[in-house]
Amino acid sequence: MSANGQSALLIDGKKIAEDIQNKLRDDIKTWSELHKRKPTLVAVLVGEDPASCKYIEKKMQAAEYVGIDSRTEKLHESVTEDELITKVVELNKDESVDGILVQLPVPQHISERNVCNAVDPTKDVDGFHIMNVGKLSLNMMTFVPCTVLAVIELLARTGIETFGKNVVICGRSKNIGLPLSMLLHSDARYELPGHEATVTLCHRHTPPEQLKVFTKTADIIISATGVVGLIKADMVKEGACVIDVGINRIKTQEGKVKLVGDVDFSAVREVAGHITPVPGGVGPVTVAMLMKNTFQAAMDRLKQ
């Protein structure tokens, strides 16, 4: 049990996402009536990967709910890198399009970095373009990756303090772990405010025994590795906040597919103070942040 003798409080990502989207819906309705148009989001999907198709479906449903026009450009998995980039450039030039996202991962014969850099930075609602990544590193206002924003939003809306706290991030990906570490550790006085935490960034080459040393001292643990059961109860300090970004599909004994995170949820919940579930934690808020970025892109483009 945690210090108060109770299981960790569940951070309800679905409820938080609903609150964000309801506010966005009202704001977008007002904006659309004023400017006689809706924000527009276009997703580019390569191939028929079931997980990617499901993610796109959720994003399109959220867009419809908040009042964003959206569509998906579907390309065959055999599409060449040049053909994919040509499609992205077409969308860059389309004045009716405010936000563009290329659903990742792309097939192995295509460079993810080249494709992300082909997106107009002002329409890069995923926050993956090198210019937006660079601005983030310098705490300049920019599009921040949606999962990163989701983690920050979950912490803020749950009242989890980051100032002066110890944060351990497991996973150093360029889309989640690294930008999240930059935003959490940096100075709050910048244009894009940081969150003043002391951050330790761990990864696949961090020895397991050393990872446990780091996590046991953490006030906040954020795991985004895709390793099932990585974070165990004996690795968590009593009362710590645990944010599980991992999304893993496993087969149950009955042969069904089950979605789980990186955290041994049932055991860790008996130690932690706050914890996110999988599913229903970071995922829904990530989609809500995509809608927020798309609306911001639309507002910014009118100012140009």
Side-chain angles (χ1 to χ4, degrees), residues 11 13 16-17 20 43 49 51-52 54-56 58-59 101-106 112-113 115-117 119 124-137 139 142-156 158 160 162 167-186 192 194-195 197 199-206 211 214-215 218 220-231 241-249 259-263 275-293:
I11 302 176
I16 290 173
I20 295 168
D49 176 72
S52 292
K54 189 66 176 177
Y55 294 147
I56 288 292
K58 289 181 178 179
K59 292 169 183 178
L101 72 91
V102 179
Q103 183 64 41
L104 302 179
V106 290
E112 179 180 304
R113 176 45 47 203
V115 173
C116 290
N117 285 344
V119 178
D124 172 35
V125 290
D126 266 335
F128 294 161
H129 190 284
I130 190 171
M131 184 179 292
N132 290 328
V133 175
K135 285 183 175 181
L136 171 59
S137 72
N139 290 96
T142 189
F143 289 117
V144 176
C146 302
T147 303
V148 173
L149 287 177
V151 172
I152 297 297
E153 197 74 19
L154 286 165
L155 292 172
T158 309
I160 305 298
T162 58
V167 177
V168 170
I169 300 173
C170 303
R172 59 181 175 184
S173 75
K174 301 301 185 287
N175 298 339
I176 301 176
L178 185 60
L180 183 56
S181 70
M182 290 192 291
L183 200 54
L184 280 170
H185 90 267
S186 57
L192 179 65
H195 293 267
V199 178
T200 301
L201 187 58
C202 301
H203 49 79
R204 71 185 66 180
H205 297 301
T206 303
L211 176 61
F214 291 136
T215 57
I220 301 169
I221 299 171
I222 303 164
S223 187
T225 65
V227 178
V228 177
L230 176 68
I231 305 301
C241 175
V242 180
I243 305 291
D244 193 349
V245 186
I247 300 176
N248 310 291
R249 287 170 173 79
L259 205 63
V260 299
D262 294 351
V263 176
I275 192 169
T276 59
V278 176
V282 177
V285 185
T286 297
V287 174
M289 291 298 100
L290 174 63
M291 300 305 113
K292 191 171 184 177
N293 275 356

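Sequence positions, counted from 1, serve as the residue numbers for this chain.
At a threshold of 4.5 Å between non-hydrogen side-chain atoms, the residues Leu290 and Asp126 count as touching. Looking at heavy atoms from C-beta onward, Ser52 lies in side-chain contact with Pro105 at the 4.5 angstrom threshold. At a threshold of 4.5 Å between non-hydrogen side-chain atoms, the residues Leu104 and Asn175 count as touching. Using a 4.5 Å cut-off on side-chain heavy atoms (C-beta onward), Leu184 and His195 make contact. Leu180 places none of its side-chain heavy atoms less than 4.5 Å from the side chain of Val245. Using a 4.5 Å cut-off on side-chain heavy atoms (C-beta onward), Leu183 and Leu192 make contact. Asn139 is not listed as a side-chain neighbour of Met182, based on a closest heavy-atom distance of 4.5 Å or more.
Remark: the Asn132 side chain and the Thr142 side chain contain an N/O donor-acceptor pair separated by less than 3.5 Å.
Separating the OG1 atom in Thr276 from the CG atom in Leu155 is a distance of 9.5 Å, to the nearest 0.5 Å. Of the inter-residue distances, the one linking His129 atom NE2 with Phe143 atom CZ reads 12.5 Å to the nearest 0.5 angstrom. Once rounded to the nearest 0.5 Å, the distance linking CG of Leu211 with OG of Ser223 reads 8.5 Å. One finds the NZ atom of Lys59 at 3.5 Å from the CD atom of Gln103 (value rounded to the nearest 0.5 Å). Annotation: the span from Asp124 atom CG to Asn293 atom CG amounts to 8.5 Å, rounded to 0.5 Å. The CD1 atom of Ile11 lies 8.5 Å from the CD1 atom of Ile275; values are rounded to the nearest 0.5 Å.
The two residues Asp244 and Gly261 come nearest to each other via the heavy atoms OD2-CA, 3.3 Å. Considering all non-hydrogen atoms of both residues, Ile20 and Ala288 come closest at CG2-CB, 4.0 Å. Here the shortest heavy-atom pairing between Val168 and Cys202 reads CG1-SG, 4.0 Å. Across all their heavy atoms, Gly134 and Ser137 have their closest contact at O-OG, 2.6 Å. Nearest heavy atoms, Pro145 versus Gly127: CG-O, 3.7 Å. Minimum heavy-atom separation, Ile243 to Cys241: CD1-SG, 3.8 Å.
Under a 3.5 Å cut-off, the side chain of Asp262 and the backbone N or O of Val227 do form a donor-acceptor pair. Under a 3.5 Å cut-off, the side chain of His203 and the backbone N or O of Gly171 do not form any donor-acceptor pair.
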When the side chains of residues 147-154 are checked against the rest of the protein, which donor-acceptor pairs come out under 3.5 Å, sequence neighbours left out?
residue	atom	partner	partner atom	Å
Glu153	OE2	Arg157	NE	2.6
Glu153	OE2	Arg157	NH2	3.3

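Here the rule is side chain to side chain contact (heavy atoms under 4.5 Å, CB included) with Cys170, and of Ile222, Leu201, Leu230 only Leu230 fits it.
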